[in-house]
Amino acid sequence: MSNVHLVDHPLVQHKLTLMRRKDASTNSFRRLLNELSMLMAYEVTRDMPMQDIEIETPLETMTSRVIDGKKLVLVSILRAGNGILEGMLSVVPGARVGHIGLYRDPKTLTAVEYYFKMPGEMQDRDIIVVDPMLATGNSAVAAVERLKELAPKSIKFVCLLACPEGIKTLQTAHPDVPIYTAAIDRELNSHGYILPGLGDAGDRIFGTK
């Protein structure tokens with residue numbers, strides 16, 4: 001699976017295991033997701049462009065490095081993507097935020113858009129799309145297709161769990177988009193859920209059924 005980055009850091013794997021447990025409360029699931037998202041943000045931003053600037057320390061002038069270019073954009077696929085968004089913003093607080101509202105048709109499992117709101121000047125920005133699950137891959141494909149209409153500099157996709165079917169779908173449609181995930185699970189079931197998975201991420205984040 002080219003262009004797939006498995007984030008197998010011990011802290012990431014430990015927190016993911018705790019999240020998977022069916023007896024994890026909404027509060028603990030949300031807290032762990034926030035912590036795990038911060039760790040994922042560290043990995044996915046590893047190759048951000050840098051520039052040298054001159055600054056004054058309390059003792060002298062020096063040349064040091066800062067992130068180059070326009071602000072990064074974090075794009076959440078609603079609603080579950082917001083669970084990752086908060087943790088990533090803790091690490092990159094200056095990032096701009098966009099939202100894509102997509103729901104999965106229960107009969108066809110295809111993605112249907114109902115909301116789209118982005119910052120301006122997207123053609124000069126790097127985008128990180130966040131969604132906890134890369135299951136069928138249909139929502140990810142639809143989101144990336146929509147974002148490519150704005151001609152951004154780059155797009156990456158970040159999730160907690162992926163499966164071979166979802167990875168294949170996204171890579172077939174958008175082979176240029178790197179995928180960052182904490183785990184690649186076994187398969188999808190007939191309802192489009194990842195197995196062994198962690199259940200419905202949105203319901204577990206927000207305490208809904």
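It should be emphasised that the depicted structure is a prediction, and the values quoted were computed from it without experimental measurement. Values reported hereafter were calculated over all heavy atoms of this structure, with side chains retained and with hydrogens, waters and symmetry mates removed.
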Lys/Arg N to Asp/Glu carboxylate O, E165 vs K168, below 4.0 Å: no
Enclosure of E86 CD (heavy-atom neighbours >12, cutoff 6.0 Å): no
Minimum heavy-atom separation for [X] and [Y], please, with both atom names.
X    : Y    : result
T136 : G192 : CG2-CA, 4.4 Å
L32  : L18  : CD1-CB, 3.6 Å
S37  : G87  : CB-CA, 3.9 Å
G197 : L161 : CA-CD1, 3.6 Å
P175 : N3   : O-ND2, 3.2 Å
P178 : I155 : CD-O, 3.3 Å

Using the rule that two of Ile, Leu, Val, Met, Phe, Trp, Tyr join whenever any of their side-chain heavy atoms come within less than 4.5 Å, decide whether [X] and [Y] are in one cluster.
X    : Y    : answer
L134 : V7   : no
I184 : V129 : yes
V91  : I127 : no
V97  : V158 : yes
V130 : I179 : no

A side-chain contact here means heavy atoms from C-beta on lying under 4.5 Å apart; do [X] and [Y] qualify?
X    : Y    : answer
R96  : L74  : no
D131 : R79  : no
I84  : M40  : no
I100 : V75  : yes
M118 : L147 : yes

Of all pairs that satisfy salt bridge (charged side-chain N to carboxylate O under 4.0 Å, His left out), the ones with a partner from residues 109-124, not counting sequence neighbours: K70-E121, E113-R146
Residue pairs passing the salt bridge (charged side-chain N to carboxylate O under 4.0 Å, His left out) test where at least one lies in residues 173-183, sequence neighbours excluded: K148-D176
Side chain to side chain donor-acceptor pair (under 3.5 Å) partners for D185, two or more places apart: R20
Under a 3.5 Å cutoff, is there a donor and acceptor pairing between the side chains of [X] and [Y]?
X   : Y   : result
S76 : N82 : yes
T63 : E54 : no
T26 : R31 : no

Stepwise side-chain contact (heavy atoms from CB on, under 4.5 Å) check, D126 with M48: CA-CA 9 Å; D126 296 302; M48 289 182 71; 5.8 Å; no
As an exercise, state the distance from [atom1] of [X] to [atom2] of [Y], rounded to the nearest 0.5 Å.
X    : Y    : atom1 : atom2 : value
T45  : M88  : OG1   : CE    : 8.0 Å
H9   : H14  : NE2   : NE2   : 12.5 Å
L102 : N138 : CG    : CG    : 10.5 Å
L150 : M122 : CG    : CE    : 5.5 Å
M133 : T181 : CE    : OG1   : 9.0 Å
S64  : I55  : OG    : CD1   : 5.0 Å

Check: [Y] main-chain N/O paired with [X] side-chain donor or acceptor under 3.5 Å:
X    : Y    : value
R186 : C163 : no
Q13  : A182 : yes
R204 : L198 : yes
N34  : G83  : no
T57  : E60  : yes
R30  : I205 : yes
T172 : T169 : no

Stepwise side-chain contact (heavy atoms from CB on, under 4.5 Å) check, V12 with D8: CA-CA 7 Å; V12 170; D8 59 355; over 6 Å; no
Qualifying ring-ring contact (aromatic ring centres under 6.0 Å, His included) pairs with a residue from residues 81-116, counting only residues at least two apart or across chains: none
Pairs where residues 154-180 contributes a residue and the test ring-ring contact (aromatic ring centres under 6.0 Å, His included) is met, not counting sequence neighbours: H5-Y180
Derivation of the side-chain contact (heavy atoms from CB on, under 4.5 Å) call for L33 and L160: CA-CA 9 Å; L33 177 57; L160 296 186; 3.3 Å; yes
Check against side-chain contact (heavy atoms from CB on, under 4.5 Å), I128 and L72: CA-CA 8 Å; I128 298 174; L72 179 72; 3.8 Å; yes
For D47, all residues meeting side chain to side chain contact (heavy atoms under 4.5 Å, CB included), sequence neighbours excluded: K156
